Amino acid sequence: MDDPLRVIAEAEGVFLRREALGCGYTDKLIRSRMRSGAWHRVRHGAYCFWDQWAPLKPEQRHLLLAKAVLRTTPGPVALSHTTALIAHGVAVWGADLRRVHVTRLDDGAARVEHDVIHHVGRLAAGEVVEQDRLPVVGAARAVVEAASILSTESALVSADSSLFRKHCTPDDLHAVARACNHWPGSQKIHVVLHRMDGRHESPGESRSDYLFWRHGLPRPEPQWKVYDHRGILVAALDFAWPALGVWGEFDGRVKYGRLLREGQEPGDAVFEEKQREDRVRALTGWLCGRIVHVDLDNPALTAGRFQMLFARAAAARAAIGA
């Protein structure tokens with residue numbers, strides 16, 4: 001016979017203390033399950049099984065905490081801000097995932113608890129949607145809300161992701177921003193709306209573009225397509241500066257995993273990527289600059305490396321012209 005608490009946890013994400021008591025557990029037995037590592041306390045009064053919790057990534061653990069908050073919070077609320085972004089499947093980077101964000105749907109006051117922040121604000125009809133059976137503010141509003149509390153770089157990651165994954169459109173984001181122009185942090189929101197680009201396919205690409213902008217580099221063209229003499233697509237470059245004769249690629253582990261075909265090893269994908277780079281260089285004559293995660297943590301050094309590439313490319317064109 002199925003464990004009734006396991007059934008609840010699989011359906012709701014977490015089970016509550018009162019549900020455990022209803023299944024015959026005592027507080028002493030609950031503490032025993034915690035000490036043995038069989039159960040994990042998600043928040044006060046809400047638990048899950050350790051084998052559910054252990055394999056979860058940080059964003060998934062945050063969403064499980066959000067489910068616990070929804071099950072233990074009196075009064076109607078909707079997930080909002082970065083929590084809503086995660087619920088919608090929008091990428092987040094640099095956000096504090098220790099606290100869940102909710103917006104009150106009643107007359108409850110704004111307040112901060114150790115693991116949840118309660119916001120108050122007007123939500124028009126239709127601004128709260130159901131996502132995997134959870135009440136969540138719409139993706140466009142969540143992007144704008146998150147932009148008001150995150151760094152510009154973090155907000156750009158989520159704005160780009162929401163556009164790339166087609167959760168919303170630029171017009172949707174601009175409309176929400178106009179309606180929320182009085183919010184604290186609204187000036188930052190407009191910076192994000194000006195720089196966002198749904199052609200960026202990953203947080204690494206969004207952060208790279210932010211790096212270029214913050215260090216005064218020319219704005220690149222994302223996903224620049226290179227064709228061979230037969231008109232066959234050879235590559236879609238992460239970043240390209242056609243007038244300068246330079247292109248850039250963000251190399252993340254996820255990217256190489258995405259390139260793997262059935263039966264391939266990671267090394268095979270890396271080798272094919274090298275061949276692709278050689279073909280692009282032969283077809284365009286451009287120089288390539290690669291960016292990895294550690295480069296994003298050294299932005300001035302990385303920007304200087306690209307400035308040197310621009311200078312080298314300009315010198316090479318001048319030599320040919322001479």
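Given the structure is predicted, the values throughout are model-derived calculations rather than measurements.
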S.K.: I'd like to know if Arg207 and Asp297 make a salt bridge, using a cut-off of under 4.0 Å between side-chain N and carboxylate O.
M.R.: yes
S.K.: Can a donor-acceptor pair be found, under 3.5 Å and without considering hydrogens, that links the side chain of Ser162 to the backbone of Ala159?
M.R.: yes
S.K.: Do other residues, nucleotides or ligands put more than 12 heavy atoms under 6.0 Å from Asp107 CG?
M.R.: no
S.K.: Run the ring-ring contact (aromatic ring centres under 6.0 Å, His included) test against His88 and tell me which residues pass, sequence neighbours left out.
M.R.: none
S.K.: Centres of the Phe15 and Trp39 rings: under 6.0 Å?
M.R.: yes
S.K.: Determine, using the 4.5 Å side-chain heavy-atom cutoff (strictly less than), whether Leu309 and Leu296 are members of one ILVMFWY cluster.
M.R.: yes
S.K.: Is Arg305 salt-bridged to Asp295, going by a charged N under 4.0 Å from an acidic O?
M.R.: yes
S.K.: Under 30°, 30 to 60°, or over 60°: which ring-plane class applies to Trp53 and His40, parallel, tilted or perpendicular?
M.R.: parallel
S.K.: Any chance the rings of Phe239 and Phe212 have centres within less than 6.0 Å?
M.R.: yes
S.K.: Nearest heavy-atom pair of Val246 and Ala313: which atoms, and what distance?
M.R.: CG2-CB, 3.9 Å
S.K.: Please walk me through it: do Val92 and Glu59 pass side-chain contact (heavy atoms from CB on, under 4.5 Å)?
M.R.: CA-CA 8 Å; Val92 298; Glu59 292 83 0; 4.0 Å; yes
S.K.: Are Asp115 and Arg99 close enough, and set up right, to give a salt bridge (charged side-chain N to carboxylate O under 4.0 Å, His left out), and what steps lead you there?
M.R.: CA-CA 4 Å; Asp115 60 356; Arg99 286 193 176 111; over 6 Å; no
S.K.: Mind telling me whether Phe306 and Trp241 have parallel, tilted or perpendicular rings, with 30° and 60° as the class edges?
M.R.: tilted
S.K.: Could you go step by step and tell me if Glu113 and Arg111 meet the salt bridge (charged side-chain N to carboxylate O under 4.0 Å, His left out) rule?
M.R.: CA-CA 7 Å; Glu113 301 176 32; Arg111 66 181 190 274; 3.2 Å; yes
S.K.: Which heavy atom of Arg281 sits nearest a heavy atom of Cys288, and at what distance?
M.R.: NH2-CB, 4.2 Å
S.K.: Quick check on Arg312: does its CZ atom have over 12 non-hydrogen neighbours (other residues, nucleotides or ligands) under 6.0 Å away?
M.R.: no
S.K.: Output yes when a side-chain donor or acceptor of Arg71 lies under 3.5 Å from a complementary backbone atom of Val14, and no otherwise.
M.R.: yes
S.K.: Report yes or no: does Glu19 contribute a side-chain atom to a donor-acceptor pair with the main-chain N or O of Leu16 at less than 3.5 Å?
M.R.: yes
S.K.: For a quick test of reading the model, state the closest non-hydrogen atom pair linking Gly198 to Leu163 and the distance between them.
M.R.: CA-CB, 3.6 Å
S.K.: Quick one: is the NZ or CZ of Arg6 closer than 6.0 Å to the six-membered ring centre of Phe49, and within 45° of its axis?
M.R.: yes
S.K.: Between Ser80 and His119, what is the shortest heavy-atom contact and its length?
M.R.: OG-CD2, 4.1 Å
S.K.: If you count every heavy atom of other residues, nucleotides or ligands that lies below 6.0 Å from Trp93 atom CH2, does the total exceed 12?
M.R.: yes
S.K.: Do Glu221 and Arg199 make a side-chain contact, defined as non-hydrogen atoms from C-beta onward lying under 4.5 Å apart?
M.R.: yes
S.K.: When you check the side-chain N and O atoms of His215 and Gln307, is any donor under 3.5 Å from an acceptor?
M.R.: no
S.K.: Might you confirm whether atom CE of Met34 has over 12 heavy atoms from other residues, nucleotides or ligands at distances under 6.0 Å?
M.R.: yes
S.K.: Please determine whether a side-chain nitrogen of the Lys or Arg among Glu201 and Arg165 lies less than 4.0 Å from a carboxylate oxygen of the Asp or Glu.
M.R.: no
S.K.: Counting only N and O atoms by type, is there a donor-acceptor contact under 3.5 Å from the side chain of Thr284 to the main-chain atoms of Val280?
M.R.: yes
S.K.: Is Val176 reachable from Val137 through a run of I, L, V, M, F, W or Y residues, each pair having side-chain heavy atoms under 4.5 Å apart?
M.R.: no
S.K.: I would like to know whether Trp213 and Thr152 meet side-chain contact (heavy atoms from CB on, under 4.5 Å); could you show each step before the answer?
M.R.: CA-CA 11 Å; Trp213 172 57; Thr152 301; 4.2 Å; yes
S.K.: Any luck finding a side-chain donor-acceptor pair between Thr169 and Asp172 under 3.5 Å?
M.R.: yes
S.K.: State whether a side-chain donor-acceptor pair under 3.5 Å links Ser158 with Ser161.
M.R.: no
S.K.: Return the minimal non-hydrogen interatomic distance between Asn298 and Val294, and the atom names on each side.
M.R.: ND2-O, 2.9 Å
S.K.: First locate atom CG of Leu65, then atom CZ of Arg61, and finally report the distance between them rounded to the nearest 0.5 Å.
M.R.: 11.5 Å
S.K.: What heavy-atom pair brings Val129 and Gly126 nearest, and what distance separates the two atoms?
M.R.: CG1-O, 3.9 Å
S.K.: Do Glu205 and Asp197 make a side-chain contact, defined as non-hydrogen atoms from C-beta onward lying under 4.5 Å apart?
M.R.: no
S.K.: Look at the side chain of Ser154 and the backbone N and O of Leu150, then say whether any donor-acceptor pair between them is shorter than 3.5 Å.
M.R.: no
S.K.: When you group the ILVMFWY residues by side-chain heavy-atom contacts below 4.5 Å and let the links chain together, are Ile189 and Val191 in the same group?
M.R.: yes
S.K.: Given the rule in the side-chain contact (heavy atoms from CB on, under 4.5 Å) test, do Glu130 and Leu134 qualify, once you have shown the distances and angles that lead to the verdict?
M.R.: CA-CA 5 Å; Glu130 188 174 278; Leu134 302 175; over 6 Å; no
S.K.: Mind checking whether Leu97 and Leu63 sit in one hydrophobic cluster, side chains of I, L, V, M, F, W, Y counted as touching below 4.5 Å?
M.R.: yes
S.K.: Determine whether more than 12 heavy atoms belonging to other residues, nucleotides or ligands lie under 6.0 Å from atom CZ of Arg214.
M.R.: no
S.K.: Do His200 and Asp238 have side-chain heavy atoms sitting under 4.5 Å apart?
M.R.: no
S.K.: Roughly how far, to the nearest 0.5 Å, is SG of Cys48 from CZ of Arg43?
M.R.: 14.0 Å
S.K.: The test is side-chain contact (heavy atoms from CB on, under 4.5 Å); show your working for His101 and Leu79 and say whether it passes.
M.R.: CA-CA 6 Å; His101 291 266; Leu79 303 181; over 6 Å; no
S.K.: Counting C-beta onward and ignoring hydrogens, is there a side-chain heavy-atom pair between Arg276 and Glu249 closer than 4.5 Å?
M.R.: yes
S.K.: Is the backbone of Lys28 close enough, under 3.5 Å, to the side chain of Ser32 for a donor and an acceptor to pair up by distance?
M.R.: no
S.K.: Report the distance from atom CG of Leu193 to atom NE2 of His174, rounding to the nearest 0.5 Å.
M.R.: 5.0 Å
S.K.: Hydrophobic clustering (ILVMFWY, side-chain heavy atoms < 4.5 Å, transitive) - are Ile86 and Val116 grouped together?
M.R.: yes
